[in-house]
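Please read the structure below before turning to the comments.
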Amino acid sequence: MSAAQPLDVQPTPLALLLLGREADPTSERGVECPGGLPAPSDPDLVARARAAKEKLGDRVFVLGHHYQRDEVIAFADVTGDSFKLARDAAARPEAEYIVFCGVHFMAESADILTHATQQVVLPDLAAGCSMADMASAEQVAECWDVLTDAGVAETTVPVSYMNSSADIKAFTGRHGGTICTSSNAKRALEWALQKGEKVLFLPDQHLGRNTAVRDLGMSLDDCVVYNPHKPNGGLSAEQIRDATMILWRGHCSVHGRFSLDSVDEVRARIPGVNVLVHPECKHEVVAAADQVGSTEHIIRALEDAPPGSKWAIGTELNLVRRLANRFAAESEGGKEIVFLDRTVCFCSTMNRIDLPHLVWALESLADGTVVNRIEVDAETQKYAQLALERMLALP
């Protein structure tokens, strides 16, 4: 038998991508920056960011989402959740440039709410949101056709979570719906059910389900899940007609990782621990928690917590670690704060905004070059803003 000859096989671009040896230019948008990024190991990054920001002065306003890493938060003029930051930007009309250290849908919301003379910059265009990407405009239009065929579209009010694209916000505005945050989802659903008989909740099924069942007293049977990857969403016309909540099959890749086992394990490991989770978590996790609330609620709850108390937090790890360090250092009886799951889970897309990207964006602006500008077209902006204004008018 002759010796085996080496195969003349060349790896495909997809194989190299899966092995981590290549990048996909269609999905890795913004990774390649004109002029190149500073090296992550550059010891002068902090000084360079500070110098560029000082050069720009009041012309730039840097927003830092709570889930950003500490090295980025250090240069934020304000921190907060996505909607708070967009409103903060709108309240600073003198700032020519809004540098949004967050993800794509957040920068879109800032562009919708800010003045036309202001320019919104996202330091890395690849900083997207997996949840927002789970609902495209085409898929949602097809869903509305399914609801129309079932005879319920006229009595269905869309409610879209803030964590959605500008296109989905515009769809919501066109069809008489509103946007919501994790803080005001209950009010948004109450408003919608006064206007119609059903709600199409986009794109996070867990926030929709938790709000309907936990806050409004519905049953799980009142909810159905529309899967955009199945014919008719995987639902019969009868199921659609019988449901009150039509939940889009979307979720947060971070909060969706927490499980009931996570809750049971931390209770066994830390006696007397308080479990505090975000409403984007699965229903069984929310049901087993001691407290549930938005990012801002989580921060306030820990601020108000008694000295020496113990907490397991179910939200993004950058924020949990920052809160743990902050409250452990309290002079009287520091609070013990741990991550709900032992598995490390950052928001991978949020973490794309790192110090090299921020330095590159600030130095480019200081040199007179606007990079990675986020612009929402006028038609989309019109209807998306209408949906946002309905949210702001909620009682």
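Not counting sequence neighbours, the partners of Asp42 by the salt bridge (Lys or Arg N to Asp or Glu O under 4.0 Å) test are Arg48. Partners of Arg87 according to the salt bridge (Lys or Arg N to Asp or Glu O under 4.0 Å) rule, which considers only residues two or more places apart in sequence or in another chain, do not exist here. In terms of the salt bridge (Lys or Arg N to Asp or Glu O under 4.0 Å) criterion, residue partners of Arg322 (sequence neighbours excluded) are, by chain and number, Asp70. Scored by the ring-ring contact (aromatic ring centres under 6.0 Å, His included) test, His175 finds Trp144, Phe171 as partners (sequence neighbours excluded).
With hydrophobic clusters built from ILVMFWY side chains whose heavy atoms lie under 4.5 angstrom apart, Ile168 shares a cluster with Leu200. Side-chain heavy atoms closer than 4.5 Å link hydrophobic residues (I, L, V, M, F, W, Y) into clusters, and following such links, possibly through other members, connects Phe105 to Tyr67.
Sorted pairs that involve residues 191-201 and meet side-chain hydrogen bond (donor to acceptor under 3.5 Å, both in side chains), not counting sequence neighbours, are lacking altogether.
Thr380 and Asp377 form a side-chain donor-acceptor contact under 3.5 Å, judged by distance and modelled atom types alone. Judged purely by distance below 3.5 Å, without hydrogens or angles, the side chains of Tyr383 and Thr172 never pair a donor atom with an acceptor atom. With 3.5 Å as the limit, one finds a donor-acceptor pair spanning the side chains of Asn184 and Thr181. Side-chain contact of Glu280 with Tyr161: a donor-acceptor pair under 3.5 Å is present, judged by distance alone. Inspection of the Thr315 and His255 side chains reveals an N or O donor paired with an N or O acceptor under 3.5 Å. Residues Ser130 and Ser253 have side chains that bring a donor and an acceptor to within less than 3.5 angstrom of each other.
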Trace of the side-chain contact (heavy atoms from CB on, under 4.5 Å) decision for Leu365 with Val99: CA-CA 10 Å; Leu365 293 175; Val99 176; 3.7 Å; yes

Leu220 vs His283, side-chain contact (heavy atoms from CB on, under 4.5 Å): CA-CA, chis, key distance, verdict: CA-CA 10 Å; Leu220 292 175; His283 181 67; 4.0 Å; yes

Criterion side-chain contact (heavy atoms from CB on, under 4.5 Å) on Ile313 and Phe339, from CA distance to verdict: CA-CA 5 Å; Ile313 310 300; Phe339 191 56; 6.0 Å; no

Stepwise side-chain contact (heavy atoms from CB on, under 4.5 Å) test for Val62 and Val60: CA-CA 6 Å; Val62 180; Val60 71; 4.3 Å; yes

N/O donor to acceptor pairs below 3.5 angstrom from side-chain atoms of residues 241-252, sequence neighbours left out:
{"from": "Arg241", "atom 1": "NH1", "to": "Ala150", "atom 2": "O", "distance (Å)": "3.2"}
{"from": "Trp248", "atom 1": "NE1", "to": "Met134", "atom 2": "O", "distance (Å)": "2.9"}

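Across every non-hydrogen atom of Ala212 and Leu189, the tightest pair is N-CD1, 4.1 Å. Pairing each heavy atom of Leu276 with each of Ala301, the nearest pair is CD2-CB, 3.9 Å. Smallest separation of non-hydrogen atoms from Val199 and Ala192: CG2-CB, 3.7 Å. Nearest heavy atom pair, residue Val254 against residue Glu316, reads CG1-CA, 4.0 Å.
The number of heavy atoms from other shown groups lying within 6.0 Å of CD (Glu389) is above 12. The neighbour count for Glu238 CD, taken as heavy atoms of other residues, nucleotides or ligands under 6.0 Å away, does not exceed 12.
Using a 4.5 Å heavy-atom threshold, the side chains of Met162 and Ser109 count as touching. Between Val292 and Asn210, every side-chain heavy-atom pair lies at or beyond the 4.5 Å cut-off.
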